[in-house]
J.: 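If you scroll down you'll find the structure; I have some questions about it.
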2 protein chains.
Amino acid sequence: MKEMPGPIDWNQMRALLATVEAGSLSAAAQRLGLTQPTLGRQVAALEEDLGIAVFERVGRRLILTEAGQRLVADLREMGAAADRVAMSAAAQSQSVEGVVRITAADIYAGHVLPPLLAKVRKAAPGITLEVLATGSISDLLRREADIAIRHVRPDQDGLIARRCRDTAAYVYGTPDLLDRLGRPSNGVELARCEMSGAIDGIEPFIAEMRQRGVPLSRANFPLLTQSGMTGWEWVCRGICVGPMVEAVARQTPEVEIAVPAIDPIPVPVWLVTHRELHTSRRIRLVFDMLVEHFS
Amino acid sequence: MKEMPGPIDWNQMRALLATVEAGSLSAAAQRLGLTQPTLGRQVAALEEDLGIAVFERVGRRLILTEAGQRLVADLREMGAAADRVAMSAAAQSQSVEGVVRITAADIYAGHVLPPLLAKVRKAAPGITLEVLATGSISDLLRREADIAIRHVRPDQDGLIARRCRDTAAYVYGTPDLLDRLGRPSNGVELARCEMSGAIDGIEPFIAEMRQRGVPLSRANFPLLTQSGMTGWEWVCRGICVGPMVEAVARQTPEVEIAVPAIDPIPVPVWLVTHRELHTSRRIRLVFDMLVEHFS
DNA sequence: TTTCCTTCATGCATTTACGTATAGTTCTTG
DNA sequence: CAAGAACTATACGTAAATGCATGAAGGAAA
């Protein structure tokens, strides 16, 4: 009505961007650590200030208007710049107190990291560790995590990756299941078993196994999951056989290597962080401890 | 200490950027329509969240630390993106209610615009007009104004400029002063008079007058000001002679043209706005009314 | 069709953040 | 050297924003 054109509330812009990217007010609220009514009000206030309707309320769903879509284009750049600021700030923080986020496959988060995390906490009690156990690879450039543990070579620019000692992986199964399968003794026999597998990781695994004389195909994987934990649970319960890194399987007494004659599969381990963040004291500290542990 | 790494408060970033650009908390507060304690707290909270010291409190002055300088680099990009969002939003606002900011030389703001503003307000009562009477040219690209009235050809990209009918300017003086000066009747005699002038506009004016046979030099301008209003006041009070557009001088009965024999100086008039903002309904409305008036 | 889950809107109590007023400090000006 | 101006830091009362709880409405699945 008679709005003095004071600068727009940047938090309201953040609310709009988060809502668009998350797809709903509720999801955006969770992501920002706020509540859904708050976000709803912020977006509404922004629409009021701007004088345009960003969302069209159709049923329970918010769909962007044309005007909203044009806004979001520039808004994403603003968000990217905000991320860069946060990144730059984190990089220059020389405090050993604060949060360090680590992302890793859920198997690693659950079975490999715990003793390591305890060591870090003991060495630097001021550091709060946050572990993102995620199947999909999170985006380091968007600062969803500070350090990532990956098993493929990172290809993004701006990242520094440190390759650690390879881990050996084998195909495991419970003794009970292996007995029922007739104790396969070579690759060809193993290729007749059903296996658990990760949804987006079986192709390279099949190729790797074929080099070792195990003629697998997609037909060997009737059970797929994006959760490494789930797949491993299937193996531990004798539902099927499946591959696992040796460091994890060693902690699981109820399984054994299905065919010891087959050579282990080398699994590379990369520790990845931003080039920026490598100058942060506490992130550097955690990174170095991870490197030491994996080397 | 134990800060859950929720996204950074964007308003705190805005506070920091404004403080850096304004040079002090107080100035930034005025610019953002907030108060100094509020801004101080926001900046302090941001420093706490980021874990780094952005400012070094030395005496009454805040000077950026090295870390702060690196932050600000990205922060400016964020601010620029925010401006683009605001611009895009304003451009798409099809409401005839809202604020339209016009920037013009103070002389225009005081003597030429008033009747025009009344006309606009009558035609569109929902529009709030805000006039920035500024000596220096404000930055349209940073959305300090929606429409600018200028007398030089705009060279920035992204702007659309509409040239209007030129205005004639003469050198004026009070009859009393002209009598004391011996009633100069040609350019050479006029060049012996003292004149008022704008700090950053006398060079082209001198060149223009020389073409008309008035051999002026910088020595003719012992009184300089960046305020057109002030300079004209000097002329009206008989302190010196000085140039003025005819449309303004006509409203001032106490002055007369110093040397009628000299040809008038054509003063171009450009109306300038963003290419973006030209699609805004209310800005387009005001712009068109200005064009109509000046043509 | 019916049921259940998800999502957005609203009312109310509370906490947070803001503005006003004031004191303290430093740099400048006469 | 002294007085004033400008800026930042602190205290306190108040207003605004937030969170919780609830309701309503739409869509998916049985």
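Naming convention: chains lettered A, B, ... in sequence-line order (proteins, then strands); numbering from 1 in each chain. As a basis for the values below, the full set of heavy atoms in this structure was taken, side chains included, without hydrogen atoms, waters or symmetry mates.
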J.: Do the side chains of A:Arg218 and A:Glu203 get close enough for a salt bridge, i.e. N-O under 4.0 angstrom?
T.: yes
J.: For the pair made of CZ in B:Arg41 and P in D:dT8, what is the distance, rounded to whole Å?
T.: 14 Å
J.: Is the shortest heavy-atom distance from the side chain of B:Glu130 to the side chain of B:Ile102 under 4.5 Å?
T.: no
J.: Would you mind reading off the distance between A:Gln42 atom CD and D:dA16 atom P, rounded to a whole angstrom?
T.: 16 Å
J.: Measure all distances between protein nitrogen or oxygen atoms and nitrogen or oxygen atoms of nucleotides 4-7 of chain C, and list the pairs falling under 3.5 Å.
T.:
{"residue": "C:dT6", "atom": "O2", "partner": "A:Arg60", "partner atom": "NH1", "Å": "3.2"}

J.: Is any side-chain heavy atom of B:Leu177 closer than 4.5 Å to one of B:Val241?
T.: yes
J.: To the nearest Å, give me how far apart CD (A:Glu48) and P (D:dA16) are.
T.: 15 Å
J.: Please name all residues satisfying side-chain contact (heavy atoms from CB on, under 4.5 Å) with A:Ala22, sequence neighbours left out, ordered by chain then number.
T.: A:Ala27, A:Ala28, A:Arg31
J.: Report yes or no: does B:Thr273 contribute a side-chain atom to a donor-acceptor pair with the main-chain N or O of B:Ile147 at less than 3.5 Å?
T.: no
J.: What is the bend of the helix from C:dT1-D:dA30 to C:dG30-D:dC1 when you compare the axis at one end with the axis at the other, using five pairs each and rounding to 10°?
T.: 40°
J.: Separation of B:Ile63 atom CD1 from C:dC27 atom P, in whole Å?
T.: 11 Å
J.: Please name all residues satisfying side-chain hydrogen bond (donor to acceptor under 3.5 Å, both in side chains) with B:Glu233, sequence neighbours left out, ordered by chain then number.
T.: B:Arg237
J.: How close or far is atom P of D:dT18 from atom CD of A:Gln12, stated in whole angstroms?
T.: 9 Å
J.: Are A:Leu50 and A:Ile8 close enough that some pair of their side-chain heavy atoms sits under 4.5 Å apart?
T.: yes
J.: What integer distance in Å separates B:Leu34:CG from D:dC7:P?
T.: 17 Å
J.: Rounding to a whole Å, what distance do you find between A:Leu32:CG and D:dA17:P?
T.: 17 Å
J.: Name each donor-acceptor pair under 3.5 Å that joins a side chain in residues 85-93 of chain B to protein atoms two or more places apart or in another chain, with its distance.
T.:
{"residue": "B:Ser88", "atom": "OG", "partner": "B:Gln92", "partner atom": "NE2", "Å": "2.9"}
{"residue": "B:Gln92", "atom": "OE1", "partner": "A:Arg70", "partner atom": "NH1", "Å": "3.1"}
{"residue": "B:Gln92", "atom": "NE2", "partner": "B:Ser88", "partner atom": "O", "Å": "3.4"}
{"residue": "B:Ser93", "atom": "OG", "partner": "B:Arg282", "partner atom": "NH1", "Å": "3.1"}

J.: Taking only residues two or more places apart in sequence or in another chain, which ones pass side-chain hydrogen bond (donor to acceptor under 3.5 Å, both in side chains) with B:Glu47?
T.: B:Arg57
J.: In whole angstroms, how far is the C1' atom of C:dA9 from the CG atom of A:Leu39?
T.: 14 Å
J.: Whether B:Thr38 contacts C:dG19 is assessed here as follows: a side-chain N or O lying under 4.0 Å from the phosphate OP1 or OP2. Is that the case?
T.: yes
